[in-house]
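Quick note: numbers below take in every heavy atom, side chains included, and nothing from hydrogens, waters or symmetry partners. Below, chain A is the first sequence line, B the second, and so on; all start at residue 1.
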Amino acid sequence: MSPIPGQEGRPLALSAAVTLNSGSAQRAPVLALKNPTGEHCEIREIHVTLSATGATLTGATVGMKLDLGNEALTNGYVPVWLFGRRVDATIDQDRFVWRLKYPLYVPAGGVLVPEFQHRSMVKQAITARITYLGRVLPVGARPSKVHLPWVAYWASPVFLDAEEGTASSSETELTNPHGTAIELERLAGRINRFYAQSNQHFAATDEAFNVSLRSSRGEMFVGRASLDGASNALPFSQVFGYETNSWEQRGTIMEPGTFYTATLEKVLPIVTGDINTVQGFIGMVSWRKAMLVGGQQA
Amino acid sequence: MNPRTASNVIEQFFVNSFPTVVGTSVALEPGGSNQQADHDRLVNPYDNAMLIDEIRFRTLSPELTPFLMDSSDPGRSTYNYGGTVRVMFSLGRTRFSRVPIPLGCFAPPIVNDGPLVSDFGVSTDTAEAKTIVVVPGAHPGRISMGYFRWVLPRSVLVPAGMVLDAVFTRTDDGIVDTTTVPTPPSAVRVDVAYAGRVARGPVPGNLTIPVPYVGLFAHDFTVPTIAVSGENDLSNPFDQPLHVQRLIGRLQTIYASTKGAALNGRSIALDQSCLDDAALTYFPGVTLRTFEDFNITRVQLPGVNIFEGYKRSLSLNTTLQKNQGFQVSVDGSSGLPATGGLDGFIEPGLNTAFVTMVGWREEKL
């Protein structure tokens, strides 16, 4: 929405942290994430940082669920590194930024509630801090239509480095469960590698998997068999992009009830070393329009 | 016709499109030429037209040779094949360039991945290339991977059943693993992928479409000299206007490594001076003018001031009419990387400067 000249709103930053024991799930303190001015606001960026003593983390080690009022914005606890594009690998181990394509409107008195889950990939407790950056809307400014994000994901089984195999997502994971079409902003792809020798997790590049993607409409849009009939699954980084780990979309629409099936083919590593395990993650970030009725999403 | 209008005309057929990526790979020996990527794997296999938005490359050199590492200095073993591996694209009779273009010269490099952290252990990363070292014991193996991405200045329309052909070459860079017998591995694998969208409905066959064009000036500094581009290197050879997006400047250096006998004692880098400071980016002094004698630079400037920072590029956003172009002078008379610090010295003749001009013009389908 356009700011009213002379009343462009005021910047807003809200932050809260929660410490999770292995296997536990917990909401971040809601009061700290509530706009204290009591006015309508919008969130434009969401930052998540993770920290743990004695452990090397990746964005796979913690999942995040987001709820806005009665609206679930995620399909469960989505690994925190699937929301935004990779920004900078030097901080990619524990800091993640999601710059929202559309401002997320939060009505007066409302809260975007995050709940974090420790995915038991390390035994140490993890502290997750979430920060919302946005603005308080000008007095009297309230959109009639809003955009709501929908973030869904699928995680492959954990493979040993030295094994081959195939895994596919189901129809309930990378799906549009809503009654309206959603606009796909990006498909994100991440690989988590656990290096046994040093007991560390790393965000890996693509040597581990080839990937193919099919829509429920029957379109094999990645890895479609070539004219000679041979499978054409592509290396992970050729699909999701080495630089950002995401495939930005233009004008891709998912109709209600449709889904994508992602298939990962685990390949043997190029260089064999100590025993490692590897796991693939694919996420989709999308948006749908909702009408506002009386200040609440309809 | 306003090129923006031409693109908008095409875009209207791709509303509610679905995404796609197609790709394949080739293996290139040093000096290998005209290796065509598998046509069947790059062809548009759908019933409707496809728009290619970006092209992605990955180079992979499976050097599985153990080598001795200096424990006090892992070595700056960068193997960036972005200058030696080159590609020529063509869509039917329409070519994207006159000569093969180095993979690292289509677009600004991918940002540095960060030093000394990788999946397997210690690595020495440059802007685009990673050398991943596995250290399972006293004799580590090593692979090098490079990533390059070209977001096309205007998306390219590929009708159903047609293919954007890619023909690869690799210069004789002399990088061969001589320590593995009897057959030293020397091939670089190159993956290429086209990412784009497929229309859900028919697209007319008589459209005027934007087509990318890349001009190249390349010079091997076998002797200290000032190299000047020719009239066909960075100019518009077409009857139609050529819209220039940017110039890109890269310097390839092949240097001798003192870290054991791996890879014929050589290493290869883009934009590194090979001094102890691995992060130093370097390009010789440059003067730039148009064919009409307009001095874009009034005096010679350091190359990094023109081909800015990590982007290695100069944004132009200008239009050249037929036979108009740019003349670039690269001053290799002094100051080129010659002494490699801990990594040995640069053999004469193994500094190569590249300047590319990236833009697009219009063609009738």
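Here the CG-CZ distance, from B:Leu51 to A:Arg250, works out to 8.5 Å after rounding to the nearest 0.5 Å. Summarising the geometry, atom OG belonging to A:Ser215 is positioned 7.5 Å from atom CZ belonging to B:Phe18; distances are rounded to the nearest 0.5 Å.
Open room surrounds NZ on B:Lys311; 12 or fewer heavy atoms of other groups in view lie less than 6.0 Å from it. The environment of CG in B:Asn16 is crowded: more than 12 heavy-atom neighbours from other residues, nucleotides or ligands sit within 6.0 Å.
The backbone N or O of B:Asp191 lies less than 3.5 Å from a partner atom in the side chain of A:Gln238, making a donor-acceptor pair.
B:Tyr46 and A:Phe221 make their closest contact through OH-CA, 3.2 Å (heavy atoms, listed as atom of the first residue, atom of the second, distance).
Annotation: side chain of A:Leu234 is not in contact with side chain of B:Arg41 (no heavy-atom distance under 4.5 Å). Under the 4.5 Å side-chain criterion, counting only non-hydrogen atoms from C-beta, B:Pro19 is in contact with A:Trp247.
With a 4.5 Å cut-off on non-hydrogen atoms, B:Val192 touches chain A through its backbone but not through its side chain. For chain B, no part of A:Glu248 is nearby; none of its heavy atoms comes within less than 4.5 Å. Contacts between B:Tyr194 and chain A at a heavy-atom distance below 4.5 Å are absent for every atom of the residue.
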